[in-house]
Amino acid sequence: MELSPRDLELLALLEDGLPLVPRPYAALGGRCGMDEAEVIARLRRLLEAGVIRRFGLILRHRRLGYRANAMVVWDVPDVRVREAARILCALPFVTLCYRRRRHPAWPYNLYCMIHGRERSPVLEQVDEATRAAGLEGLPRQVLFSRRCFKQTGARYFSTIRNSLREAADAAPGA
Amino acid sequence: MQPRERELLRRLLRGIPVDSRPFAEVARELGMDEAEVAATIRRWLEEGLLTRFGPMFDIERLGGAVTLCAMAVPQARFEEVAAMVNAHPEVAHNYEREHRFNMWFVIAAESRAEIDRVIAEIERETRLQVVDLPKEREYFLEFIPEVG
């Protein structure tokens, strides 16, 4: 989907979150010269296009008591990755599952996340997942998180908007 | 967390409506009032339960690019390197993990070329290797915790 400069303006403002007022879309519009109806129409279109997945909460799992957060990686033969991922996704405790490119320094291609309150049940779930997906004996690593420094989301749209503004400033009259 | 708040949290995880009075709609569904919904969200933000209340973007739908990066940072330099990495606006959720590769972060940018530029800058600034692990396939999308 092609974003217009007005979409970009709106998305850049939304990176700070939705204003917590009775009419948040009107408030947002007030900050970028649009009326409420235009803001709603643009955001609905962005939702339909999948650019916005949903409006809601970005949770900090640790604060909910999910302190044992494990990233589990395996090196799975390419022909078996898809089936293994399908099995992992069906497990109720697996929260994310990705296939990534292997790197010479990190030769793993299947990743999943398991969030739990305590480490030992999470480790049991790692074993259960390994068995269920038939990944016993394959190279595996379990990395628990110790701290989260930054969970703000990248400043993606404001970066693009600012670079467009700079380009416009550098080319007056263009 | 009170049962009423848990119910609100669960409801909000599904997303709020894009309509004139979204908090009023959510409040009506749950038998709360509009001001209470907004005030509760504000408190969760202050308490740090939420990092943000707003849209979740799909950067790749826009032709943008995302990757996961790992670094093996000597313990003595950890804070210094974290500050250098986190100073880049393209860097999102950076985690310290218990491993020789102890720093894991996501870079989201306008293009793959921009990601390469950010990685090169981080390598130059930190004098450490950044292991770039781009996603080939996402199998499962979202974490809806069993709240409570």
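So that the names make sense, note that chain A is the first sequence line, chain B the second, and so on, each numbered from 1. The model shown is predicted, which means the values in this text are computed figures rather than measured ones.
Atom SG of A/Cys97 is separated from atom CZ of B/Arg137 by 9.5 Å, given to the nearest 0.5 angstrom. Interatomic distance, A/Tyr25 OH to B/Arg21 CZ, rounded to the nearest 0.5 Å: 13.0 Å. Considering CZ of B/Phe57 and CG of A/Leu14, their distance stands at 5.5 Å, rounded to 0.5 Å. With rounding to the nearest 0.5 Å, the separation of CZ in B/Phe23 from CG in A/Leu20 is 5.0 Å. One finds the CZ atom of A/Phe144 at 10.0 Å from the CZ atom of B/Arg97 (value rounded to the nearest 0.5 Å). B/Glu138 CD to A/Leu96 CG: the interatomic distance, rounded to the nearest 0.5 Å, is 7.0 Å.
When heavy atoms are compared at a cutoff of 4.5 Å, A/Val21 approaches chain B solely by way of its backbone atoms N, CA, C and O. Proximity to chain B (any heavy atom under 4.5 Å) is restricted, for A/Pro19, to the backbone atoms N, CA, C and O. No part of B/Ala24 comes within reach of chain A, as not one of its non-hydrogen atoms sits under 4.5 angstrom from that chain. Only the backbone of A/Ala49 comes within less than 4.5 Å of a heavy atom in chain B; its side chain stays farther off. Interface residue A/Leu11: backbone and side-chain heavy atoms are both found under 4.5 Å from chain B. Residue A/Tyr111 touches chain B through its side chain alone, counting heavy-atom pairs closer than 4.5 Å. Heavy-atom distances place both the backbone and the side chain of B/Asp19 under 4.5 Å from chain A. With a 4.5 angstrom heavy-atom cutoff, B/Phe105 does not touch chain A via any of its atoms. With a 4.5 Å cut-off on non-hydrogen atoms, B/Glu34 touches chain A through its side chain but not through its backbone. For a residue to count as touching a neighbouring chain, one of its non-hydrogen atoms must lie under 4.5 Å from one of that chain's; by this rule A/Met71 touches chain B with backbone and side chain alike.
Note on A/Ile40, A/Val51, A/Leu18, A/Ile52: by heavy-atom pairs under 4.5 Å with chain B, the leading option is A/Val51. Annotation: maximal heavy-atom pairing with chain B below 4.5 Å, among A/Arg23, A/Arg86, A/Arg100, occurs at A/Arg100. Taking B/Pro22, B/Ala82, B/Ala38, B/Pro17 one by one and counting their heavy-atom pairs under 4.5 Å with chain A, the maximum is reached by B/Pro22. The choice from A/Gly50, A/Gly17, A/Ala105 that makes the most heavy-atom pairs within less than 4.5 Å of chain B is A/Gly50.
Of the possible polar contacts, one joining the A/Arg44 side chain to the B/Val18 backbone as a donor-acceptor pair under 3.5 Å is found.
Here the closest non-hydrogen pair linking A/Pro24 and B/Ser20 is CD-O, 4.1 Å. Counting all heavy atoms, side chain and backbone alike, A/Arg146 lies closest to B/Glu98 at NH2-CG, 3.2 Å.
Note on B/Leu13: it clusters hydrophobically with B/Val26, by side-chain heavy-atom contacts below 4.5 Å among ILVMFWY residues. A/Phe55 and B/Leu30 fall within a single hydrophobic cluster, where Ile, Leu, Val, Met, Phe, Trp and Tyr side chains are chained together by heavy-atom contacts under 4.5 Å. No continuous path of hydrophobic side-chain contacts links B/Met84 to B/Phe101 [ILVMFWY only; heavy atoms under 4.5 Å]. Placement of A/Ile87 and A/Met113 in two distinct hydrophobic clusters is found when ILVMFWY residues are connected by side-chain heavy-atom separations under 4.5 Å, directly or transitively.
Enclosure of atom CD in B/Gln2 is not indicated, since only 12 or fewer non-hydrogen atoms of other residues, nucleotides or ligands lie within 6.0 angstrom. In this structure, A/Arg82 places its CZ atom where only 12 or fewer heavy-atom neighbours from other residues, nucleotides or ligands lie under 6.0 Å away.
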Task: Pair B/Leu133-A/Arg101, side chain to side chain contact (heavy atoms under 4.5 Å, CB included): steps then yes or no - done: CA-CA 6 Å; B/Leu133 303 163; A/Arg101 199 164 74 199; over 6 Å; no
Task: CA sep, side-chain torsions, deciding dist, call: A/Arg147, B/Glu79, salt bridge (Lys or Arg N to Asp or Glu O under 4.0 Å) - done: CA-CA 12 Å; A/Arg147 254 194 303 172; B/Glu79 300 302 321; 2.8 Å; yes
Open item on the list: Under the criterion side chain to side chain contact (heavy atoms under 4.5 Å, CB included), I'd like the reasoning laid out for B/Gln129 against A/His103: C-alpha separation, chi angles, the key distance, then a yes or no.
Closed with: CA-CA 12 Å; B/Gln129 184 192 21; A/His103 185 282; 3.6 Å; yes
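Within the 4.5 Å cutoff, no side-chain heavy atoms of A/Leu143 are placed close to those of B/Tyr95.
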